[in-house]
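Here the structure is laid out as structure tokens; the discussion comes afterwards.
Labels below follow one simple rule: chain letters A, B, ... track the order of the sequence lines, proteins then strands, and each chain is numbered from 1. All values below come from the heavy atoms of this structure, side chains included, with hydrogens, waters and symmetry mates left out.
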Amino acid sequence: MSPQNTRPRVRFAPSPTGPLHIGGVRTALYNYLFARQTGGTMILRIEDTDQTRFVPGAEAYILEALKWVGIELDEGQGVGGPHEPYRQSERKAMYSQYAEQLVTAGKAYYAFDTSEQLDAMRQQLEGQGTAFQYNAITRLKLNNSLTLPQEGVTAKIAAGEPYVIRLKVPAKEEIRLNDLIRGWVHVHSSQIDDKVLMKSDGMPTYHLANVVDDHLMGITHVISGEEWLPSAPLHVLLYRYLGWESTMPRFAHLPLLLKPDGNGKLSKRDADLGGFPVFPLQWTDPETGTVARGFREEGYLSDATVNFLAFLGWNPGTEQELFSMDELIQSFSFERISKSGAKFDIQKAQWFNQQYLRQQSDEALAAYLLPALEAKGIGVTPQKAVGIARLMKDRVTFPQEMLTGTEFLFVPPAGYDPAVIPSKWTPEIALVLAAYKDELPSVENLNADTAKALLHSITERQGVKMGKVMQPLRVVLTGGTTGPDLMLSMELMGKEEVIGRLELALNRLS
RNA sequence: GGUCCGUUCGUCUAGGGGUUAGGACGUAUCCCUUUCACGGAUGAAACACGGGUUCGAUUCCCGUACGGACUACCA
């Protein structure tokens, strides 16, 4: 094998059945980190073999979501490559030959039982407290090419009777696989049922398509969620029977993302309950029009989202928590992925976001603020937007929060907080602020420092404590009692505006 | 029900035969401060249980309990 061929090839293989779940994003991320770290290839394959569950727009959503979090594809749907097509529905013709190969080798068989018949059997047995399995024992009593005479089988097929191809799972065999995260996993073949490989509509099932495509595309490592662990032994069997065991990929089964409270897998319902997103991007259901919130739209920065997701089930073993994508690529390893599921804690995500937000430059945040303000019908200069970013960024978790509680920067207060005014609006304070108003025009360059210096000199001269003045001043200028640094706020409002508001207050309150 | 996988503070986790069991989020108190935040300091908070093995087990083994995944002609 040339060195070229030994370089890892990994794939992310979602189904376009709706918006990509955030857990799927993490799976894609781990694939990507591994690919980049090893100089390998990251592939996107669309597993759309179930035509009944196809959702328009889902594939575009997947592409956009991956792009948003910064996962670059080397090959696959959307970017092309040597193994096109990358949509399984378009590869339909490739699969049946392998299923037939298995039938010829005696490792698979045709089955004519309809889903209705099987469902009925399941129901009936369930009533008796046992589960039905299509397996080494029951297959002998069912309607398939193992029980039917050869002529009957060919006749049925020739007559166009619908059939599936099932894997003939051995009755007694120990199947082992060495998972990169879990170590050796043993499963007895008697526990595996005769899985359908080819459906009656001519499409392969996930199991066949997955194994065939992974082999054909030279996949070396299958990194996927723990929900696939139970079917991994089946896939081992498939690789073996297809004669591909020597080049079978390594498996790595990731721990699941769990509900924040209670039990179970993280689901869309949790998002509605907890008021947080479980999808990377906002998604509007094409049928119902229901909108599901997205991390991006909620104000999560993609770097923060990536960092947060990477740490759900993995850690570097050091005390560093803030990792850029490049650092994650450097540090990633399968050994440091934990085995147990991780509860989804949105507060940690918010903390990451806060950290990344303040790493942003004022200019970068201003670039966000300008259009957002414009949408609100507020026009500001770029310099003022930079000022707002500087004023607010250490105080908020999400960019949009820079605009809540800062209306006062653009609009004079309609009224004053009654808890402060009039009780703290004493004649003494009124005198100080009147003097402030009168002397402000002489300040050449009003900024936080000069504004503060002038107020200081006046309070000192009049023998009033600064602390007594600040609260009334804030209320008079902003209407409220809490908010960002007042001196900086005055700088942003501008001298004329401050004077105007003081004048207005003195008139209103005297 | 069956099979498989798992179990360290509320949460994410580090650690590992002898430790004051470490960090982060959250939380509490205090400090800073013109307010609210930010920031700083300090605190509360965990090895599921029972048996082994061992001088010694939270760490290794076995059970039990609990949790999760899977159990479709869905992926």
Side-chain angles (χ1 to χ4, degrees), chain A residues 13-17 47-50 52-53 88 111 113-115 118-119 122 126 129-134 162-166 179 181-183 185-188 190-193 195-207 209-210 224-233 253 255-256 258-261 263-265 308 311-322 336 338-352 354 358 392-397 401 405 420 452 455 465-475 478 480-487:
Chain A
S15 291
T17 56
E47 308 222 326
D48 57 349
T49 52
D50 186 358
T52 65
R53 294 211 305 162
Q88 287 184 329
D113 322 85
T114 64
S115 355
L118 294 173
D119 284 345
R122 274 190 198 97
E126 208 168 291
T130 45
F132 169 76
Q133 238 193 2
Y134 210 120
Y163 65 93
V164 300
I165 297 180
R166 285 181 181 271
D179 189 275
I181 294 167
R182 278 146 222 287
V185 175
H186 309 251
V187 177
H188 195 85
S190 62
Q191 302 304 326
I192 304 173
D193 63 343
K195 282 273 182 294
V196 170
L197 266 21
M198 292 294 295
K199 299 185 264 191
S200 55
D201 66 358
M203 275 288 192
T205 58
Y206 159 76
H207 303 289
N210 192 266
S224 53
E226 193 190 346
E227 67 265 37
W228 300 116
L229 190 53
S231 59
H253 287 97
L256 259 21
L258 306 173
K259 293 178 185 299
D261 46 52
N263 309 311
K265 231 184 348 177
F308 166 65
F311 269 67
L312 244 29
W314 173 88
N315 76 86
T318 66
E319 288 186 358
Q320 183 184 349
E321 292 211 80
L322 264 21
R336 299 210 64 89
S338 49
K339 295 182 177 71
S340 47
K343 287 191 180 174
F344 193 77
D345 180 12
I346 199 65
Q347 286 188 318
K348 193 82 182 213
Q350 289 168 356
W351 178 78
F352 274 114
Q354 195 182 35
R358 46 175 82 160
M392 297 299 291
K393 81 170 173 187
D394 281 350
R395 309 172 53 82
V396 301
T397 301
E401 289 175 341
V420 179
K452 190 166 194 171
L455 187 59
K465 277 197 164 179
M466 193 74 166
K468 291 219 162 193
V469 180
M470 288 304 290
Q471 190 77 320
L473 178 58
R474 173 179 293 281
V475 173
T478 72
T481 55
T482 65
D485 185 276
L486 191 56
M487 297 302 163

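- Under the Watson-Crick or G-U wobble criterion, with both distances below 3.5 Å, B:A24 is paired with B:U11.
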Seminar exercise, completed: Contact string for nucleotides 69-75 of chain B, one letter per nucleotide 5' to 3', B = base within protein heavy-atom range under 4.0 Å, S = sugar-phosphate only, - = neither, reads SS-SBBB
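- Base pairing of B:U29: its partner is B:A41, meeting the Watson-Crick or G-U wobble criterion (both donor-acceptor distances under 3.5 Å).
- Nucleotide B:G50: paired with B:C62 (Watson-Crick or G-U wobble, both distances less than 3.5 Å).
- Out of B:C38, B:C12, B:U3, the shortest distance to the side chain of A:Q354 is found at B:C38.
- Between A:R358 and B:G39 there is a side-chain N or O to OP1 or OP2 distance below 4.0 Å.
- As judged by a 4.0 angstrom heavy-atom cut-off over every strand, A:S340 is placed among residues touching the sugar-phosphate backbone only.
- Taking atom P on both nucleotides, B:G68 is separated from B:G22 by 30 Å, rounded to a whole Å.
- When distances run from any side-chain atom of A:W351 to the nucleotides B:C12, B:G26, B:U3, the shortest one goes to B:G26.
- Judged purely by atom type and a 3.5 angstrom limit, A:D48 uses its side chain to pair as donor or acceptor with the backbone of A:Q88.
- Contact between the side-chain N/O atoms of A:N315 and the OP1/OP2 oxygens of B:A14 is found at a separation under 4.0 Å.
- When each of A:G341 and A:H188 is assigned the nucleotide of RNA chain B bearing its nearest heavy atom, the one mapping closer to the 5' terminus is A:H188.
- With the nearest nucleotide of RNA chain B identified for both A:F311 and A:M470, A:F311 has the one nearer the 5' end.
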Review item, nucleotides 60-63 of chain B N/O atoms under 3.5 Å of protein N/O:
none

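- Taking atom NZ of A:K259 as the reference point, atom P of B:U11 lies 16 Å away to the nearest angstrom.
- A:Q133 contributes a side-chain N or O that, together with a main-chain N or O of A:Q191, makes up a donor-acceptor pair within less than 3.5 Å.
- Taking CG from A:D119 and CG from A:D113, the interatomic distance works out to 11.5 Å, rounded to the nearest 0.5 Å.
- B:A57: no Watson-Crick or G-U partner with both key distances under 3.5 Å is found in any strand.
- Every residue meeting the ring-ring contact (aromatic ring centres under 6.0 Å, His included) condition with A:F344, not counting sequence neighbours, appears here in chain and number order: A:F276, A:F308.
- Using a 4.5 Å heavy-atom cutoff, the side chains of A:K195 and A:T205 are not in contact.
- For A:L312, counting side-chain heavy atoms from C-beta on, the closest listed nucleotide (B:U3, B:C12, B:C38) is B:C12.
- Using a 4.0 Å heavy-atom cutoff across all strands shown, A:H253 reaches no nucleic acid atom at all.
- Taking atom P in both B:A46 and B:G52, the straight-line distance is 27 Å, to the nearest Å.
- Both distances falling under 3.5 Å, in either a Watson-Crick or a G-U wobble arrangement, place B:C4 opposite B:G68.
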